[in-house]
Protein chains: 2
Amino acid sequence: MENEELVLKFMKNTELCSECIIDKIIQGNALEVLEKTPAETFDLVFMDPPYFLQLPPKKLKRWNVKTEVDAVDDKWDKFASFEDYDEYMRDLLFKTKKVMKENATIWVISTYHSIFRIGKIMQDLGFWILNDVLWLKTNPMPNWLGVRFTNATETLIWATKDKNAKKYTFKRELAKTFGVGSIGANVWEIPICGGKERLKDAEGNKLHSTQKPVELLRRIILTSSNEGGLVLDPVAGSGTTGYVAKALKRHFTMIEMNEKYVKGIQDRFKKPLTQFK
Amino acid sequence: MENEELVLKFMKNTELCSECIIDKIIQGNALEVLEKTPAETFDLVFMDPPYFLQLPPKKLKRWNVKTEVDAVDDKWDKFASFEDYDEYMRDLLFKTKKVMKENATIWVISTYHSIFRIGKIMQDLGFWILNDVLWLKTNPMPNWLGVRFTNATETLIWATKDKNAKKYTFKRELAKTFGVGSIGANVWEIPICGGKERLKDAEGNKLHSTQKPVELLRRIILTSSNEGGLVLDPVAGSGTTGYVAKALKRHFTMIEMNEKYVKGIQDRFKKPLTQFK
DNA sequence: CAAAGTCCTGAATCATATG
DNA sequence: ACATATGATTCAGGACTTT
């Protein structure tokens with residue numbers, strides 16, 4: 001059974017071999033798993049860390065319906081302070097850098113809540129930023145109180161391990177078709193993940209509060225990796241990265257600590273893969 | 001002559017009064033000028049700091065703190081490192097924060113080269129980010145080399161002095177008309193500054209390498225200030241901020257060290273103001 | 001079955017007044 | 001300071017219900 005072998009439970013203080021992590025979901029703490037992963041292993045990294053949203057304790061009520069906004073209140077997004085968040089992100093990025101091949105690139109996504117801290121830490125660690133790519137949501141949640149602009153974007157930082165890593169993968173012809181305006185701009189219009197694509201748990205609630213759309217990962221993987229390459233997602237969540245990587249004939253390694261999410265990813269892989277042209 | 005009184009040459013160790021800085025270009029070092037400016041004076045700040053583009057080592061730039069004496073020779077100089085840049089930006093933002101009124105907001109613009117560092121510093125200083133607003137250039141530099149995405153955006157951070165500053169100015173109906181789509185999104189499509197709008201020096205070269213478009217400032221000033229309010233630009237450059245503020249019936253204070261730019265701003269104000277609806 | 005109408009929701013740092 | 005009540009603001013898209 002393919003899915004019985006999909007998950008690899010990480011045992012503390014056990015070294016991981018280069019072969020056994022291919023096309024696997026490693027259930028464990030990313031900081032510990034990465035430390036036991038061979039250096040310079042991956043061709044591409046996609047990282048979707050906690051954003052540290054700092055939402056108010058009270059839920060926002062809608063005025064015309066009786067529902068509340070089901071905002072992100074997951075434990076994994078809570079940090080005591082910016083300092084704690086910085087420390088976590090620095091550790092995660094540092095360990096991720098070590099397992100990247102010399103010419104690998106990394107994509108990190110967040111919003112204004114934390115993307116500035118992330119970018120600063122990346123620069124301090126020696127990553128060389130190639131672009132900031134803006135995900136422009138076609139259907140964001142409006143700011144109906146009208147006290148700020150509707151936050152319709154998330155920011156992706158795309159970077160190499162360091163300034164001198166020149167021979168990274170970039171599929172220029174494809175990349176040109178993704179951005180607005182057909183000039184290969186750093187702005188991608190993509191709807192948020194919903195409908196049938198959105199994974200549900202046994203109770204019919206959304207499996208993961210921040211599932212990333214397949215189309216976002218499709219563009220990332222197609223522009224910055226080759227067929228047969230190995231893609232890492234150290235904070236896998238709902239597993240979009242591995243799911244799309246497989247559909248696009250790349251190999252993947254995903255790390256996820258939460259057992260519920262790991263099971264959700266297993267279920268996701270049991271269904272037929274989305275077919276891309 | 002109005003233009004003879006437009007410029008106020010800053011004298012070191014001299015306190016500035018609240019009245020004498022209204023509708024003035026203060027010629028001097030921003031860090032020194034701000035220190036001698038009364039606290040809680042301004043309703044709105046627009047800041048367009050050096051971007052620290054990190055050109056090859058021999059062309060590294062550094063913003064040098066100049067004295068009165070060598071101010072004549074002032075020009076862009078090197079930043080030796082990220083640390084130097086951070087220190088400069090932290091100082092500039094800290095001093096700017098002190099001269100902002102309690103309910104004032106600040107806009108800071110940069111690109112991926114330094115916007116992450118700036119945002120991190122702002123958060124550390126207690127600024128509360130309301131939005132990141134993306135300026136999407138409709139006619140970006142054709143920098144398509146096929147090795148990265150065309151960089152078609154600059155990022156604006158819009159923030160209050162702190163988390164509890166609720167009663168800031170936001171013209172919601174106007175704001176809705178600016179963003180792409182119909183929901184007041186945080187993405188503004190604006191062409192880069194060129195044509196007749198672009199200021200030239202005596203030799204016919206562009207006066208300033210990063211002159212900001214009038215339309216950008218129009219949107220900022222209209223959405224986040226009231227008529228009669230006082231707008232600060234501590235790094236004035238070509239003076240778009242004060243120029244647009246005046247045209248929109250706001251007062252302004254601009255600080256600029258470089259004499260060539262100050263003269264350029266004076267010339268700019270001699271011409272009839274652009275008329276806005 | 002098709003078309004039209006209703007309801008729900010999405011990484012949200014979304015207000016103000018009174019006690 | 002915190003808790004609670006009041007108020008009259010939002011949009012695209014998918015799922016569901018009704019005609």
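Heavy atoms only: backbone and side chains are in, while hydrogens, waters and symmetry mates are out. Each chain gets a letter, A, B and so on, in the order the sequences are listed, and its residues count up from 1. None of these values were measured; they are calculated from a predicted model.
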Could you tell me whether [X] and [Y] make a salt bridge, using a distance below 4.0 angstrom between a side-chain N and a carboxylate O?
{"X": "Asp86(B)", "Y": "Lys120(B)", "answer": "no"}
{"X": "Arg90(B)", "Y": "Glu87(B)", "answer": "no"}
{"X": "Glu102(B)", "Y": "Lys167(B)", "answer": "no"}

- [ ] Step through it carefully: locate the ring centre of Trp135(A), locate the ring centre of Trp107(A), and say whether they are under 6.0 Å apart.
- [x]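 No, the ring centres sit 6.0 Å or more apart.
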
TODO: Please find out if less than 6.0 Å separates the ring center of Phe252(A) from that of Phe269(A).
DONE: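 Aromatic pair counts; centres sit under 6.0 Å.
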
Reckon [X] touches a base, only the sugar-phosphate, or nothing at all at heavy-atom distances under 4.0 Å?
{"X": "Ser182(B)", "value": "sugar-phosphate"}
{"X": "Lys163(B)", "value": "nothing"}
{"X": "Leu60(A)", "value": "base"}
{"X": "Asn151(A)", "value": "sugar-phosphate"}
{"X": "Pro57(A)", "value": "nothing"}
{"X": "Leu130(B)", "value": "nothing"}
{"X": "Ser209(A)", "value": "sugar-phosphate"}
{"X": "Lys59(A)", "value": "base"}
{"X": "Asp74(A)", "value": "nothing"}
{"X": "Thr138(A)", "value": "sugar-phosphate"}
{"X": "Trp135(A)", "value": "nothing"}
{"X": "Asp48(A)", "value": "base"}
{"X": "Gly195(A)", "value": "sugar-phosphate"}

Open item on the list: On DNA chain D, compare the nucleotides closest to Glu173(B) and Gly194(A); which residue's is nearer the 5' end?
Closed with: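 Its nucleotide being nearer the 5' end, the pick is Glu173(B).
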
TODO: Please figure out whether Gly146(A) or Pro191(A) has its closest DNA chain D nucleotide nearer the 5' end.
DONE: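 Looking at the nearest nucleotide for each, Gly146(A) comes out on the 5' side.
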
Candidate nucleotides [options], ranked by approach to the side chain of [X] - the nearest:
{"X": "Lys212(A)", "options": "dA11(C), dA15(D), dC11(D)", "result": "dA11(C)"}
{"X": "Thr67(A)", "options": "dT13(C), dT9(C), dC11(D)", "result": "dT9(C)"}
{"X": "Phe82(A)", "options": "dA11(C), dA17(C), dT13(C)", "result": "dT13(C)"}
{"X": "Pro56(A)", "options": "dT9(D), dT13(C), dA11(C)", "result": "dT13(C)"}
{"X": "Asn139(A)", "options": "dC14(C), dG13(D), dA12(C)", "result": "dG13(D)"}
{"X": "Arg148(A)", "options": "dT13(C), dG13(D), dA17(C)", "result": "dT13(C)"}
{"X": "Lys176(B)", "options": "dC11(D), dA12(C), dG10(C)", "result": "dC11(D)"}
{"X": "His113(A)", "options": "dT13(C), dA11(C), dG10(C)", "result": "dT13(C)"}

How about [X] and [Y]: does a side-chain donor come under 3.5 Å of a side-chain acceptor?
{"X": "Ser114(A)", "Y": "Tyr85(A)", "value": "yes"}
{"X": "Lys171(B)", "Y": "Asn226(B)", "value": "yes"}
{"X": "Arg172(B)", "Y": "Thr223(B)", "value": "no"}

Quick one: is [X] getting a side-chain N or O under 4.0 Å of the [N] phosphate, OP1 or OP2?
{"X": "Tyr112(A)", "N": "dT13(C)", "value": "yes"}
{"X": "Lys137(A)", "N": "dA12(D)", "value": "no"}
{"X": "Lys206(A)", "N": "dG10(C)", "value": "yes"}

Counting neighbours of [atom1] on [X] that are heavy atoms of other residues, nucleotides or ligands and sit closer than 6.0 Å, is the number greater than 12?
{"X": "Glu40(B)", "atom1": "CD", "value": "yes"}
{"X": "Phe79(A)", "atom1": "CZ", "value": "yes"}
{"X": "Lys78(A)", "atom1": "NZ", "value": "yes"}

Taking the [atom1] atom in each of [N] and [M], what is the distance between them to the nearest angstrom?
{"N": "dT18(D)", "M": "dC1(C)", "atom1": "C1'", "value": "14 Å"}
{"N": "dT18(C)", "M": "dG7(D)", "atom1": "P", "value": "11 Å"}
{"N": "dT6(D)", "M": "dC14(C)", "atom1": "P", "value": "22 Å"}
{"N": "dA12(C)", "M": "dT9(D)", "atom1": "C1'", "value": "15 Å"}

Separation of atom [atom1] in [X] from atom [atom2] in [N], rounded to whole Å:
{"X": "Lys166(B)", "N": "dT13(C)", "atom1": "NZ", "atom2": "P", "result": "12 Å"}
{"X": "Leu53(A)", "N": "dG10(C)", "atom1": "CG", "atom2": "P", "result": "14 Å"}
{"X": "Ile183(B)", "N": "dG10(C)", "atom1": "CD1", "atom2": "P", "result": "16 Å"}

Open item on the list: Can a donor-acceptor pair be found, under 3.5 Å and without considering hydrogens, that links the side chain of Ser224(A) to the backbone of Thr169(A)?
Closed with: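 It does not hold such a pair.
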
- [ ] Starting at the 5' end of nucleotides 1-8 of chain D, put B wherever the base has a protein heavy atom under 4.0 Å, S where only the sugar-phosphate does, and a dash everywhere else.
- [x] ---B---B

TODO: Using the salt bridge (Lys or Arg N to Asp or Glu O under 4.0 Å) rule, pick out the option among Asp201(A), Asp74(A), Asp267(A) that qualifies with Lys260(A).
DONE: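 The salt bridge (Lys or Arg N to Asp or Glu O under 4.0 Å) with Lys260(A) is passed solely by Asp201(A) among Asp201(A), Asp74(A), Asp267(A).
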
Open item on the list: Using the rule side-chain contact (heavy atoms from CB on, under 4.5 Å), only one of Val72(A), Ile109(A), Ile118(A) pairs with Tyr51(A); which is it?
Closed with: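 Answer to the side-chain contact (heavy atoms from CB on, under 4.5 Å) test with Tyr51(A) among Val72(A), Ile109(A), Ile118(A): Ile109(A).
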
- [ ] Please tell me which of Lys200(A) and Ser114(A) maps to the more 5' nucleotide of DNA chain C, matching each residue to the nucleotide holding its nearest heavy atom.
- [x]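 Result: Lys200(A).
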
Open item on the list: Which is it for dT13(C), anti or syn, if anything within 90° of zero counts as syn?
Closed with: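 Syn conformation here, the glycosidic angle of dT13(C) being no more than 90° from 0.
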
Name every donor-acceptor pair, under 3.5 Å, that has one atom in a side chain of residues 52-59 of chain A and the other anywhere in the protein, sequence neighbours excluded.
none

Open item on the list: Any residue in residues 152-160 of chain B with a heavy atom nearer than 4.0 angstrom to DNA chain C? Just list them by number, or reply none.
Closed with: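 Correct list: empty, so none.
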
Open item on the list: Within residues 116-128 of chain B, which residues have any heavy atom lying less than 4.0 Å from an atom of DNA chain C?
Closed with: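 Correct list: Gln123(B), Trp128(B).
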
- [ ] With sequence neighbours excluded, give me every ring-ring contact (aromatic ring centres under 6.0 Å, His included) pair touching residues 163-183 of chain B.
- [x]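 Residue pairs with at least one partner in residues 163-183 of chain B: Phe149(A)-Phe170(B), Trp158(B)-Tyr168(B), Trp158(B)-Phe170(B).
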
- [ ] Treat a base pair as Watson-Crick or G-U wobble with both distances under 3.5 Å, then lay out DNA chain D in dot-bracket form, 5' to 3', with | for cross-strand pairs.
- [x] .|||||....|||||||||

TODO: Could you tell me whether Lys97(A) sits above the aromatic face of Phe127(A), with NZ or CZ closer than 6.0 angstrom to the six-membered ring centre and within 45 degrees of the axis?
DONE: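 Positive - Lys97(A) is close enough to the ring of Phe127(A) and near enough to its axis.
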
